[in-house]
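I have placed the structure first, in the form of structure tokens, so that the comments after it can refer back to it.
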Number of protein chains: 2
Amino acid sequence: MNKYRDIGFKLTPQRLAILDYLEGNQQHPSAEDIYRAVLKTFPTISFATVYTTLAALKQKGKLLELSTDPSKKRYDPDTSCHSHLFCVSCKRVFDMPGEHTPVLPESVKRDFSITRSHVEFHGLCAGCKKNKSETSKEVAHVHRS
Amino acid sequence: MNKYRDIGFKLTPQRLAILDYLEGNQQHPSAEDIYRAVLKTFPTISFATVYTTLAALKQKGKLLELSTDPSKKRYDPDTSCHSHLFCVSCKRVFDMPGEHTPVLPESVKRDFSITRSHVEFHGLCAGCKKNKSETSKEVAHVHRS
DNA sequence: GTACGTGCAAAGGTTTTGCATTACA
DNA sequence: TGTAATGCAAAACCTTTGCACGTAC
């Protein structure tokens, strides 16, 4: 009777809270983000629970683990094919539009068994790009005076 | 008088050993791989030296830091545009041929400031794919008997 | 000579694990 | 009821940092 039943694992209240937090979430949260969010409704939840739940969801293909952020893993409930941009300034991860399915030579397709392809971009997001250019202007101004 | 002089940082014997190990290296070594390799000629080298040297090379654009292996950073002295495959079985990282420069919409190019794009593949390398299919055959055989 | 690199050890941050207890199915 | 999840704490890893000493330039 629960919308998450088809995942095929035990639906504990903690897991429901994690699933509710993840559903439709486009923030690409880290394990700690998820832990903190669920902590509000489950003051006793532990990282062990968070990590084992994430591992189970990953294994069932309901969650993507991103290594786009070099400092920690980020999670994405949107498992459809899309790319990501990591903003090196604000550390946020953004979904990127456009189709980037890489084309591989036949020889590679024959020899390797590829289960996933992923395109990553690093740079500045719109907000940080704007801030940075404004700061440069200020700096330039100071230098001029 | 040294071929590495143009990097523009102090050329200590430790750094020379690291540079020699990295040059032409297609293994995508981790920091520990590099540490262990240099340890043979420099029994006193420390991780601090390895990491600061890697950071300097990265900053000077002479080295790529890969997040293709989810468990640790891997380093690639080949900074030309190419893709990587991570073998989930043997944990090796392979260079992948073919051009996969992603095309982004104009709106994205205007709003974001992208400094790097990278295509990653996950799956099985040729050797592990072969091993795995042989193992399945054996398993199937056992189950039949 | 001086700024920068080295090496040691300790600390920091993320992720995993062992185990007794609890609870879903 | 039995299997699997929870929570706590400790440990395991990878990476960074502080500081005294040493060295390339």
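Every chain is numbered from 1 and lettered A, B, ... according to where its sequence line falls, protein lines coming before strand lines.
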- request: Calculate the interatomic distance between B:L16 atom CG and C:dT6 atom C1'; express it in whole Å.
  value: 14 Å

message: At less than 4.0 Å, is any side-chain N or O atom of A:Q14 found next to OP1 or OP2 of C:dC24? Yes or no.
response: no

Nearest to side-chain heavy atoms of B:A31, which nucleotide of D:dG7, C:dT14, D:dT15: D:dT15

message: Any base atoms under 4.0 Å from A:S71, or only sugar-phosphate, or nothing? Heavy atoms, all strands.
response: sugar-phosphate

message: Could you tell me how far apart B:F47 (CZ) and D:dT16 (P) are, to the nearest whole angstrom?
response: 12 Å

- prompt: Between B:D69 (CG) and D:dC13 (P), how many Å, whole number?
  reply: 15 Å

- prompt: Among C:dG5, C:dG7, D:dT6, which nucleotide sits nearest the side chain of B:T12?
  reply: C:dG5

- line: Considering only heavy side-chain atoms of B:T53, the closest of D:dT16, C:dA25, C:dT6 is C:dT6

field: Touch class at under 4.0 angstrom, heavy-atom based, for B:P13 against every strand present
entry: sugar-phosphate

query: Does B:R15 put a side-chain nitrogen or oxygen below 4.0 Å from OP1 or OP2 of C:dT6?
result: yes

message: Would the distance check show the side chain of A:H28 and the main-chain N or O of A:Q26 forming a donor-acceptor pair, the cut-off being under 3.5 Å?
response: yes

field: Derivation of the salt bridge (charged side-chain N to carboxylate O under 4.0 Å, His left out) call for B:E106 and B:R110
entry: CA-CA 6 Å; B:E106 277 305 315; B:R110 191 182 55 238; over 6 Å; no

query: Once you round it to whole Å, what is the distance between P of C:dT15 and CG of A:L66?
result: 12 Å

task: Using whole Å, report how far CZ of A:F42 lies from P of D:dC8.
output: 13 Å

- prompt: Side chain of B:L11: nearest nucleotide among D:dC25, C:dG7, D:dT15?
  reply: D:dC25

field: B:Y51 side chain reached by B:T53 side chain, heavy atoms, under 4.5 Å
entry: no

message: Taking only side-chain N and O atoms of B:T49, does any of them lie within less than 4.0 angstrom of OP1 or OP2 on C:dG7?
response: yes

message: Do B:Y75 and B:N25 pair up side chain to side chain, a donor and an acceptor below 3.5 Å, judged on atom types alone?
response: no

- prompt: Base, sugar-phosphate, or nothing for A:K72, non-hydrogen atoms under 4.0 angstrom?
  reply: sugar-phosphate

query: For the residue pair B:H84 and B:H118, is the inter-centroid distance of their aromatic rings smaller than 6.0 Å?
result: yes

- prompt: Which sits closer to the 5' end of DNA chain D, B:K58 or A:K10, going by the nucleotide each is nearest to?
  reply: A:K10

- prompt: With a cut-off of under 6.0 Å to the ring centre and 45° to the axis, is B:R15 in cation-pi contact with B:F9?
  reply: yes

field: Value in whole Å for how far the P atom of C:dG5 lies from CD1 of B:I18
entry: 12 Å

field: Candidates D:dT15, C:dT15, C:dG7 - which lies nearest the side chain of A:K73
entry: C:dT15

task: Could you tell me the separation between the NZ atom of A:K60 and the C1' atom of D:dA5, rounded to a whole number of Å?
output: 13 Å

Between D:dA5 (C1') and A:F9 (CZ): distance, integer Å: 10 Å

- prompt: Does OP1 or OP2 of D:dT15 have a side-chain N or O of B:Y51 closer than 4.0 Å?
  reply: yes

field: Listed nucleotide nearest any side-chain atom of B:T52, set C:dT15, C:dT17, C:dT6
entry: C:dT6

